[in-house]
Participant: 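Attaching a single structure in structure tokens format; questions to follow.
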Amino acid sequence: LHLDLSIGEQFSLWLSGIANRDLGNSIFWKEPIVDILIERIEPTLMLAIIATAISTLIGVPMGLMAAKHHDQFFDRVFSVFTLLSISFPAFWMAIMAVQWFCVDINIFPVAGYHGIADKGLLHSLYELALPGIVLGIMYSGQIARMTRTTLLEVMAQDYLRTARAKGISEKKVIDVHGFVNAIPPIILVVGFSFASLLGGSAVIEQLFNIPGIGNLTIAAVLKRDYPLIQGALLFIASIFIIVNMCTDILCALVNPKQRWGSYD
């Protein structure tokens, strides 16, 4: 750890190690930290993809329907659902899901994960299905609320009133003209959710015994493995930066007005 050197020299050596893809060795596992992180990326990445897909498939249609039926019965039900999905603790939802779908019905395995190289892609997806559903329901409330809020703002714009005045059906006005212009904020919240999931869902990964980044970070903290903590946090921060940059680029592709100098 070069603790005999000054803080500046230690930091310079650490930065040079990062440039050479060397984050040091784990104190507890006695292995290179880069290799440990690479081993834990697979379950976290798959879990993030499953949860993001489920949350998007639930949240976007619900937000769209709530905006269409603003201040009606469905909108009130929607408000209750989003409030519950955002408010319920992750550990409680996970425990209830295990009790219902693993113990009572016995559809999914209680815990554990086997890599794609061990038992194949389908078996890995099966083991991650239940935690992915739990995380998808949790994040769907944020996506649904953003979809509803953004679409309501767009529906109040003058160009949609003009489209209605031209005789275009309300369904086409909302689904085509309105939704297309409401996509960029939805992409941002989906990207932020994906980055959060890639950073590791520590509670879910621990409850389902998934050897991912979140579980690794908690284990490193408990074992006081400071080099591994540094490496894991650097990985999580890098993921947030890369995903946010990709979502900004995607938003610029979807909405050319967001590109540099496009308003001039």
Participant: Take atom CZ of Phe240 as the centre, draw a 6.0 Å sphere, and report whether it contains more than 12 heavy atoms from other residues, nucleotides or ligands.
Facilitator: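 More than 12 within 6.0 Å, yes.
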
Participant: Does Asp22 use its side chain to pair, donor to acceptor, with the backbone of Ile18 at less than 3.5 Å?
Facilitator: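 Looks like no, no N/O pair under 3.5 Å.
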
Participant: In a table with atom names and distances, give each donor-acceptor pair under 3.5 Å that connects a side chain of residues 27-36 to protein atoms at least two apart or in another chain.
Facilitator:
from	atom 1	to	atom 2	distance (Å)
Lys30	NZ	Ile27	O	3.1

Participant: Looking only at heavy atoms, what is the nearest atom pair of Pro109 and Cys102, with distance?
Facilitator: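 Taking Pro109 first and Cys102 second, the nearest heavy atoms are O-SG, 3.3 Å.
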
Participant: Where do Met62 and Ala144 come nearest, in terms of heavy atoms and distance?
Facilitator: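 That would be CB-CB, 4.4 Å.
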
Participant: Taking ring-ring contact (aromatic ring centres under 6.0 Å, His included) as the test, write out the residues that go with Tyr226, two or more places apart.
Facilitator: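 Not a single residue meets the ring-ring contact (aromatic ring centres under 6.0 Å, His included) criterion with Tyr226.
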
Participant: Can you run down the salt bridge (charged side-chain N to carboxylate O under 4.0 Å, His left out) pairs that involve residues 127-155, sequence neighbours left out, and say none if there aren't any?
Facilitator: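 Listed once each, the pairs are Asp75-Arg148.
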
Participant: First locate atom CG of Leu198, then atom OG of Ser238, and finally report the distance between them rounded to the nearest 0.5 Å.
Facilitator: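 Going from CG on Leu198 over to OG on Ser238, the span is 12.0 Å.
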
Participant: Members other than Phe73 in its cluster, when Ile, Leu, Val, Met, Phe, Trp, Tyr link by side-chain heavy atoms under 4.5 Å?
Facilitator: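 Grouped by the 4.5 Å side-chain rule, Val77 form the rest of the cluster around Phe73.
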
Participant: Are Ile242 and Phe235 grouped together when hydrophobic residues (ILVMFWY) are joined by side-chain heavy atoms under 4.5 angstrom apart?
Facilitator: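 Different clusters: Ile242 never reaches Phe235 through Ile, Leu, Val, Met, Phe, Trp or Tyr contacts under 4.5 Å.
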
Participant: Give a yes or no on whether the backbone of Ile213 and the side-chain of Thr44 come within a donor-acceptor separation of less than 3.5 Å.
Facilitator: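 It does hold such a pair.
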
Participant: Count I, L, V, M, F, W, Y as connected when their side-chain heavy atoms are under 4.5 Å apart, and connections chain through other members. Are Leu47 and Leu122 then in the same cluster?
Facilitator: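 Hydrophobic grouping puts Leu47 apart from Leu122.
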
Participant: Same cluster or not: Ile116 versus Leu130, using hydrophobic residues (I, L, V, M, F, W, Y) connected whenever any side-chain heavy atoms lie under 4.5 Å apart?
Facilitator: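 Same hydrophobic cluster.
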
Participant: Other than Leu222, which residues form its hydrophobic cluster under the rule that side-chain heavy atoms must be closer than 4.5 Å?
Facilitator: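 Same cluster as Leu222: Ile218.
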
Participant: Taking only residues two or more places apart in sequence or in another chain, which ones pass side chain to side chain donor-acceptor pair (under 3.5 Å) with Gln10?
Facilitator: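 Gln10 satisfies side chain to side chain donor-acceptor pair (under 3.5 Å) with no other residue.
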
Participant: Output a table of donor-acceptor pairs, distance under 3.5 Å, between side-chain atoms of residues 53-60 and any protein atom two or more places apart or on a different chain; print 'none' if there are none.
Facilitator:
from	atom 1	to	atom 2	distance (Å)
Ser55	OG	Ala51	O	3.0
Ser55	OG	Thr52	O	2.9
Thr56	OG1	Thr52	O	2.7

Participant: On a heavy-atom basis, which atom in Gly191 and which in Val243 lie closest, and how many Å separate them?
Facilitator: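 In this case the closest contact between Gly191 and Val243 is O-CG1, 3.3 Å.
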
Participant: Same hydrophobic cluster for Ile241 and Leu233, using side-chain heavy-atom links shorter than 4.5 Å among ILVMFWY?
Facilitator: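 No, it is not one cluster - the side chains of Ile241 and Leu233 are not joined through contacts under 4.5 Å.
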
Participant: Remaining members of Ile7's ILVMFWY cluster at a side-chain heavy-atom cut-off under 4.5 Å?
Facilitator: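 Taking Ile, Leu, Val, Met, Phe, Trp and Tyr as members, Ile7 stands alone, with no cluster partners.
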
Participant: Check Ile210, Thr217, Leu216 against Glu205 for a side-chain contact (heavy atoms from CB on, under 4.5 Å) and give me the one that passes.
Facilitator: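 In the set Ile210, Thr217, Leu216, the residue that makes a side-chain contact (heavy atoms from CB on, under 4.5 Å) with Glu205 is Ile210.
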
Participant: Between the side chain of Thr247 and the main-chain N/O of Asn244, is any donor-acceptor distance below 3.5 Å?
Facilitator: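 Yes; at least one donor-acceptor contact below 3.5 Å.
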
Participant: I need the Met93 CE to Leu207 CG distance, nearest 0.5 Å.
Facilitator: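 Met93 atom CE to Leu207 atom CG measures 12.5 Å (nearest 0.5 Å).
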
Participant: Are Val189 and Leu83 connected in a single hydrophobic cluster, I mean Ile/Leu/Val/Met/Phe/Trp/Tyr linked by side-chain heavy atoms less than 4.5 Å apart?
Facilitator: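 In one cluster with Leu83: Val189, no.
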
Participant: Restricting to side chain to side chain donor-acceptor pair (under 3.5 Å), what partner residues turn up for His69, sequence neighbours left out?
Facilitator: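 Applying side chain to side chain donor-acceptor pair (under 3.5 Å) to His69 gives none.
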
Participant: To the nearest 0.5 Å, tell me how far Ile204 CD1 sits from Asn215 CG.
Facilitator: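 The CG atom of Asn215 is 11.5 Å from CD1 of Ile204, to the nearest 0.5 Å.
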
Participant: Which atoms form the tightest heavy-atom contact between Gly231 and Leu23, and what is the distance?
Facilitator: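 So the two residues come closest at CA-CD1, 4.0 Å.
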
Participant: Report the distance from atom CG of Leu135 to atom CZ of Phe208, rounding to the nearest 0.5 Å.
Facilitator: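 Result: 8.5 Å between the selected atoms.
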
Participant: Can you say whether the rings of Phe108 and Tyr126 are parallel (under 30°), tilted (30 to 60°) or perpendicular (over 60°)?
Facilitator: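 Rings of Phe108 and Tyr126: tilted, 30 to 60°.
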
Participant: Can you name the side chain to side chain donor-acceptor pair (under 3.5 Å) partners of Asn25, sequence neighbours left out?
Facilitator: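 Once residues adjacent in sequence are excluded, Asn25 has no partner under the side chain to side chain donor-acceptor pair (under 3.5 Å) criterion.
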
Participant: Of all residues at least two apart in sequence or in a different chain, which pass the side chain to side chain donor-acceptor pair (under 3.5 Å) check with Gln99?
Facilitator: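 So Gln99 forms a side chain to side chain donor-acceptor pair (under 3.5 Å) with Asp104.
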
Participant: Between Thr82 and Gly141, what is the shortest heavy-atom contact and its length?
Facilitator: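 Looking at all heavy atoms of both residues, the closest pair is CG2-O, 3.8 Å.
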
Participant: To the closest 0.5 Å, what do you measure between OG (Ser196) and CD (Gln142)?
Facilitator: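 If we round to the nearest 0.5 Å, Ser196:OG and Gln142:CD are 8.0 Å apart.
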
Participant: Applying salt bridge (charged side-chain N to carboxylate O under 4.0 Å, His left out), which residue pairs with at least one partner in residues 39-54 are found, sequence neighbours left out?
Facilitator: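 Qualifying pairs, neighbours excluded: none.
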
Participant: Where is the tightest heavy-atom contact between Cys251 and Pro184, given as atom of each residue plus distance?
Facilitator: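 Closest pair (atom of Cys251, atom of Pro184, distance): SG-O, 3.4 Å.
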
